[in-house]
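None of these values were measured; they are calculated from a predicted model. Order of the sequence lines fixes the chain letters, A, B, ..., with proteins taken first and strands second; residue numbering starts at 1 for each chain. Below, all heavy atoms of this structure are taken into account, side chains as well, without hydrogens, waters or symmetry copies.
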Amino acid sequence: MQETWGSKGLSIIGVTDEGKGDTEKWIAAKGAKYAYGYDKGGALARFFGVTGIPHVVIVDATGTIVYAGGAGGYSDEVLAKATAGALPKPLWEWSPAAKTVKGALLKRQYKLALDEAAKLSEADDGPTIKAAVEALVKSKLELARSAYARGDFLGAENLAQTLSKELDGLPEKADAQKIADDVKANAEAAEVIKLQKQVAKIREKAPTKRKDIEGALEDLARIQKSPKAGYAATEAAQLVEQLRAALKKDR
Amino acid sequence: MFSMKWLAALALAVVGLGAAPVHAQAPGTKLPPVVLEGLAQTGAKSFDDFLGRAVLIEFFAYW
């Protein structure tokens with residue numbers, strides 16, 4: 001998979017919260033070659049609600065989750081979506097001359113990254129790196145636009161506000177600002193955002209006791225019934241499904 | 001390389017394959033800051049080095 005998708009922008013990493021000694025022995029015995037790292041204390045596994053392994057999470061180039069579930073549950077379409085606008089070469093494979101571009105990218109200073117990329121020669125992959133950074137900016141804007149288009153006003157607002165800062169000095173900043181302005185001007189957005197925040201709060205609480213889950217389900221049902229819920233109803237329905245599955249498992 | 005042999009080994013270690021995550025983060029959610037220790041078999045020094053890449057994270061266990 002790395003061979004097919006690696007040059008299209010996909011990196012694969014194994015994550016475990018097990019001990020280093022046993023894991024390394026196992027990796028060596030199996031001859032596994034792909035990257036891996038330790039999720040000490042299992043914080044990442046808890047964030048993703050991992051209850052069984054292998055469990056796969058796929059994030060796109062903008063750091064947005066596009067898939068979470070079983071190892072065989074995603075398609076090439078998901079991978080194509082995830083790699084849209086992704087850097088064809090990971091940062092650590094860039095020429096040492098691109099160090100300043102890398103530094104700017106890590107600080108999310110896209111104008112500086114583009115300016116520095118423009119100074120790089122062809123031998124140092126300058127044009128490729130510049131094109132990749134431009135594609136990354138484009139895909140981030142596209143993500144905010146598509147969030148707005150599907151009525152995910154909270155997502156669109158958060159993305160647009162963050163992007164507006166990250167794109168300082170670039171013409172695309174105006175595009176990000178326009179998305180944020182569109183959210184503000186949308187008559188339905190305020191109520192949807194209010195309800196989306198309520199759904200997010202329930203999700204963050206991550207209730208585990210039956211009584212708490214039942215309470216959360218009641219709150220979510222109320223949100224779903226709201227005539228002005230819009231995309232918040234979709235998010236509530238997703239969470240309801242997960243909480244019901246948890247209740248079923250608890251029986 | 002993510003070989004079939006590797007996948008098969010992981011499949012043998014399956015616990016509850018296909019079980020729905022209790023509070024899985026839905027697609028569309030932003031990834032929080034990720035801290036991974038002891039990154040191996042990669043040039044990445046931290047998860048931040050994956051910036052701008054699509055990443056497939058596979059949770060596994062040695063047993």
*With a 4.0 Å cut-off, would you call A:K140 and A:E166 a salt bridge?*
yes

*Between A:D39, A:L87, A:L143, which residue shows the highest count of heavy-atom pairs closer than 4.5 Å to chain B?*
A:L87

*In terms of heavy-atom pairs under 4.5 Å, which option from A:S139, A:G155, A:A35, A:G37 contacts chain B the most?*
A:A35

*Which bit of A:K102 comes within less than 4.5 Å of chain B, counting heavy atoms only: side chain, backbone, both or neither?*
side chain

*Among A:A82, A:G9, A:G6, who wins on heavy-atom pairs under 4.5 Å with chain B?*
A:G9

*Give the ring-plane orientation class for B:F60 versus A:W26, where under 30° counts as parallel, over 60° as perpendicular and anything between as tilted.*
parallel

*Decide if atom CD of A:E241 counts as having more than 12 heavy atoms of other residues, nucleotides or ligands within a radius under 6.0 Å.*
no

*Highest number of heavy-atom pairs under 4.5 Å with chain B: which of A:V59, A:L91, A:N158?*
A:V59

*Please work out whether the ring planes of B:F50 and B:F47 are parallel, tilted or perpendicular, with thresholds of 30° and 60°.*
tilted

_Residue part contacting chain B, namely of A:V66, when any heavy atom lies under 4.5 Å_ = backbone

*Salt bridge check: are A:E134 and A:K130 linked by an N-O gap of less than 4.0 Å?*
yes

*Using a cut-off of under 4.5 Å for heavy-atom pairs, which of A:A45, A:S11, A:A86, A:A61 has the most such pairs with chain B?*
A:S11

*Compute whether any side-chain donor of one residue and acceptor of the other, for B:Y62 and A:D22, lie under 3.5 angstrom apart.*
yes

*Any idea which of A:D17, A:L10, A:T23, A:T62 has the most non-hydrogen atom pairs under 4.5 angstrom with chain B?*
A:L10

*Give a yes or no on whether the ring-centroid distance for A:Y148 and A:F153 is below 6.0 angstrom.*
yes

*Checking A:L136 against chain B: side chain, backbone, both or neither under 4.5 Å from a heavy atom?*
side chain

*What residue, out of B:L31, B:L39, B:V55, B:V34, has the most heavy-atom pairs lying under 4.5 Å from chain A?*
B:V55

